[in-house]
2 protein chains.
Amino acid sequence: MPKKRITSQDVANLAGVSRTTVSFVLNDVKGLNIPQPTRQKVHDAANKLGYIPNAAAQALASRRTRALGLVMTRSPHYISTDAFLPQIIAGLMDVVKERKLRLLIEYVEMAHQDRAYHELARAKHIDGMILLTPRIDDNALKKLEQVDIPTVIMGEIIGTNLYSVDIDNRLAAVKAVQYLLELGHRQIACILNAPPSYSSAAARVMGYKDALISAGIPPNEKLILYADFDPQSGYDRMKSLLASQQKFTAIFIASDNIAMGAYAALHEAGMRIPEDVSVIGFDDIPWAEYGNPPLTTVRLDAQELARKACFVLTDLLNGKEVSQKRQILDTELVIRQSCTSYKHSLKGGELLQKT
Amino acid sequence: MPKKRITSQDVANLAGVSRTTVSFVLNDVKGLNIPQPTRQKVHDAANKLGYIPNAAAQALASRRTRALGLVMTRSPHYISTDAFLPQIIAGLMDVVKERKLRLLIEYVEMAHQDRAYHELARAKHIDGMILLTPRIDDNALKKLEQVDIPTVIMGEIIGTNLYSVDIDNRLAAVKAVQYLLELGHRQIACILNAPPSYSSAAARVMGYKDALISAGIPPNEKLILYADFDPQSGYDRMKSLLASQQKFTAIFIASDNIAMGAYAALHEAGMRIPEDVSVIGFDDIPWAEYGNPPLTTVRLDAQELARKACFVLTDLLNGKEVSQKRQILDTELVIRQSCTSYKHSLKGGELLQKT
DNA sequence: TCGTGTTATTAACACGAGTTAACAGTCTAA
DNA sequence: TTAGACTGTTAACTCGTGTTAATAACACGA
């Protein structure tokens with residue numbers, strides 16, 4: 001005899017009430033008063049039978065799936081090297097668990113964006129989505145705004161006022177560069193985390209330049225390079241920077257993942273950190289603490305950011321008003337051992353400044 | 001006028017057929033022949049209306065959700081530092097996408113395991129699950145085997161013959177240690193990836209010891225330490241190993257993530273790699289290639305492992321017979337620059353062997 | 001006894017698909 | 001001409017729950 005499915009009808013029978021009452025009791029529906037004895041009977045019956053409501057049926061009837069989607073647009077290659085993903089998932093999981101929701105992970109190919117968002121919304125796989133994409137083409141953006149499913153963006157998409165959660169990339173970059181300036185550096189290079197078409201990269205260069213300008217130093221375009229998310233690209237950019245013969249005593253690398261590659265290139269070239277070059281990173285991934293030397297970096301708490309995004313999204317789903325369309329999380333400069341003051345860097349003869 | 005939901009009924013009306021026919025055509029049901037013109041009419045109507053089937057309704061009616069679950073049991077802290085997660089997700093996503101399924105991520109607290117698996121199965125959130133847990137208590141294990149939902153384990157759970165996908169941990173460890181032996185090392189320490197109650201750690205020590213024994217070297221328990229997943233624990237263990245004054249010229253660290261911490265401890269102690277100690281890792285996480293020096297390690301292709309697990313699972317779901325209950329993926333020794341032959345290590349005076 | 005509220009409970013419909021079994025319609029063979 | 005086989009199509013039921021509108025049960029004062 002195969003185990004039979006247990007439905008709310010079974011619970012109702014055992015408790016001696018109707019299925020409707022069972023639904024009312026188990027969902028704790030407000031606005032009607034069911035006496036305690038009845039409630040107890042229902043709960044007892046449910047426990048005894050080990051009743052577990054069927055998710056699909058609930059979703060169909062209630063029009064909510066109780067699932068959130070984490071939607072990514074990066075290709076599998078980048079997903080697999082994304083140092084933040086575990087933190088983001090941990091953060092989301094945390095909130096999702098607490099609010100008795102589930103988490104769906106979805107990957108949308110860039111090319112199919114317009115159709116895909118629509119599809120997700122209409123198929124009702126999820127009640128809301130957290131969009132983890134640094135970039136989106138204009139065409140898809142329009143579609144995205146029309147999609148009738150609550151959306152929170154982690155990061156920034158210029159030209160839209162969808163809900164978003166982010167850090168102040170410009171300000172964070174300013175902090176980093178100011179720290180280098182305070183240490184006495186004047187020739188400061190910069191490797192960005194991504195091509196300039198990505199808003200985070202754009203904001204970080206801006207911060208870099210602003211900080212320099214405030215200090216009376218004209219930015220030198222030859223000292224600015226754009227990497228491409230993964231350590232390999234960091235390694236490559238650092239190589240070409242070294243090959244360019246441009247002088248610099250410090251470098252701001254707008255992603256620890258990329259700094260990892262850059263470290264390797266520096267080591268390979270026989271450069272000492274921080275004696276020959278001071279390096280400051282961005283993100284504070286686990287590696288940063290254990291690098292050689294430990295990397296000074298701007299901490300971005302991805303887990304907290306994800307939690308925040310999830311809070312906003314669930315509030316939206318529950319109909320609560322969310323006051324701010326755009327929420328900004330603080331960043332923090334974590335000082336370790338990859339930077340030193342410019343006096344010390346005089347040891348590195350070849351990088352010696354003339355004046 | 002709010003956009004109306006488009007149901008299969010609408011498609012049927014527009015195409016001038018019944019809803020049943022629509023279902024048959026769109027699902028490509030075999031065993032009945034519907035003439036091409038009719039099929040075309042249905043497809044045209046569906047396209048014109050932009051029909052997207054409602055997932056919940058499909059799930060309810062068909063009794064399959066077309067979703068797979070990635071189930072983890074590690075606490076959020078460990079999830080956030082899990083270097084493999086992105087690769088696993090990328091691998092799963094790849095297959096899932098191709099087979100038009102979805103991926104659900106679920107975190108089950110150790111304490112609630114027994115109930116949780118049952119619940120997942122009964123609520124029918126998912127059709128099958130990939131269990132990403134290195135450990136499970138006996139109680140939960142029994143429940144797990146009774147759960148009537150196809151399951152594939154990534155890793156090994158001793159004492160069960162559920163489907164699983166894994167590497168040969170023992171053999172991989174043997175490979176690593178043999179490599180050190182070939183280089184002439186005789187005093188080889190070992191830091192495990194996890195406590196010995198985790199099967200992967202147990203298998204790796206076994207391989208470590210077997211390799212030594214085959215070479216006529218009795219394992220020294222004082223050279224064996226157990227870390228705890230994250231870099232911090234690797235740092236700590238390496239510290240205590242160094243403090244123990246035990247002599248060793250090489251070390252096998254059964255996880256790159258832990259090797260990362262160990263590297264830091266070694267650097268801090270002023271030990272040079274590989275001149276003073278040869279280090280060999282396990283996993284080949286992105287960092288390994290960019291460490292200082294680049295880490296020689298045993299490559300574990302987590303992405304491929306995930307793909308494999310996903311293949312097995314989907315085959316099970318489709319009723320295909322899967323010949324092997326346990327599938328083993330090959331590992332590969334990746335030689336970089338963290339190991340050198342014992343002759344060279346003579347430079348490291350304090351670690352000099354007496355004979 | 002009869003209204004009149006007030007609770008407590010439920011019958012009945014909705015949700016949007018998949019699927020079985022039966023129905024017309026056409027074609028072949030006797 | 002008719003029985004039988006085959007084709008294309010669909011009416012009707014199913015999946016398991018949420019929810020509204022109506023009913024039954026009960027207490028109370030007149």
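Proteins get letters first, then strands, A, B, ... in listed order; numbering begins at 1 in each.
- Side chain to side chain, S18(A) and T21(A) meet the donor-acceptor criterion of an N or O pair below 3.5 Å.
- E109(A) and T73(A) share no side-chain donor-acceptor pair at under 3.5 Å.
- Counted by atom type alone, H43(B) and R39(B) present zero donor-acceptor pairs between their side chains at under 3.5 Å.
- R64(B) places its CZ atom 15 Å from the C1' atom of dC15(D), with the value rounded to the nearest Å.
- Rounded to whole Å, atom C1' of dC15(D) lies 15 Å from atom CG of D127(B).
- dT19(C) atom P lies 13 Å from atom CG of L26(B), rounded to whole Å.
- Nearest-nucleotide positions on DNA chain D place A57(B) closer to the 5' end than the other of A57(B) and V22(A).
- Taking a pair to require two hydrogen-bonding distances under 3.5 Å in either a Watson-Crick or a G-U wobble arrangement, dA30(D) pairs with dT1(C).
- Phosphate proximity of dA17(C) to Y51(B): present, with a side-chain N or O under 4.0 Å from OP1 or OP2.
- Aromatic ring centroids of Y107(B) and Y78(B) lie 6.0 Å or more apart.
- The CG-C1' distance, from N27(A) to dT17(D), rounds to 9 Å in whole Å.
- Spacing between atom CG of D10(B) and atom C1' of dC15(C) amounts to 14 Å, rounded to whole angstrom units.
- Rounded to whole angstrom, the span from the CD1 atom of I6(B) across to the P atom of dC15(C) amounts to 15 Å.
- Between S23(A) and dT17(D) there is no side-chain polar atom (N or O) within less than 4.0 angstrom of OP1 or OP2.
- Base-pair partner of dT26(C): dA5(D) (Watson-Crick or G-U wobble, both distances under 3.5 Å).
- Following rounding to the nearest Å, Q58(B) (CD) and dA17(C) (P) show an atom-to-atom distance of 7 Å.
- The backbone N or O of C310(A) lies less than 3.5 Å from a partner atom in the side chain of T314(A), making a donor-acceptor pair.
- In this entry the distance linking CZ of R122(B) with P of dG16(D) reads 11 Å, nearest Å.
- Proximity of N54(A) to the phosphate of dC15(D): no side-chain N or O atom is located under 4.0 Å from OP1 or OP2.
- Inspection of the N54(B) and Q58(B) side chains reveals no N or O donor paired with an N or O acceptor under 3.5 Å.
- A donor and an acceptor atom, one from each side chain of S164(B) and E156(B), are nowhere located under 3.5 Å apart.
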Check: How does each nucleotide of nucleotides 5-14 of chain D score, in 5' to 3' order, for protein heavy atoms under 4.0 Å: base (B), sugar-phosphate only (S), or none (-)?
Finding: ---SBBBB--
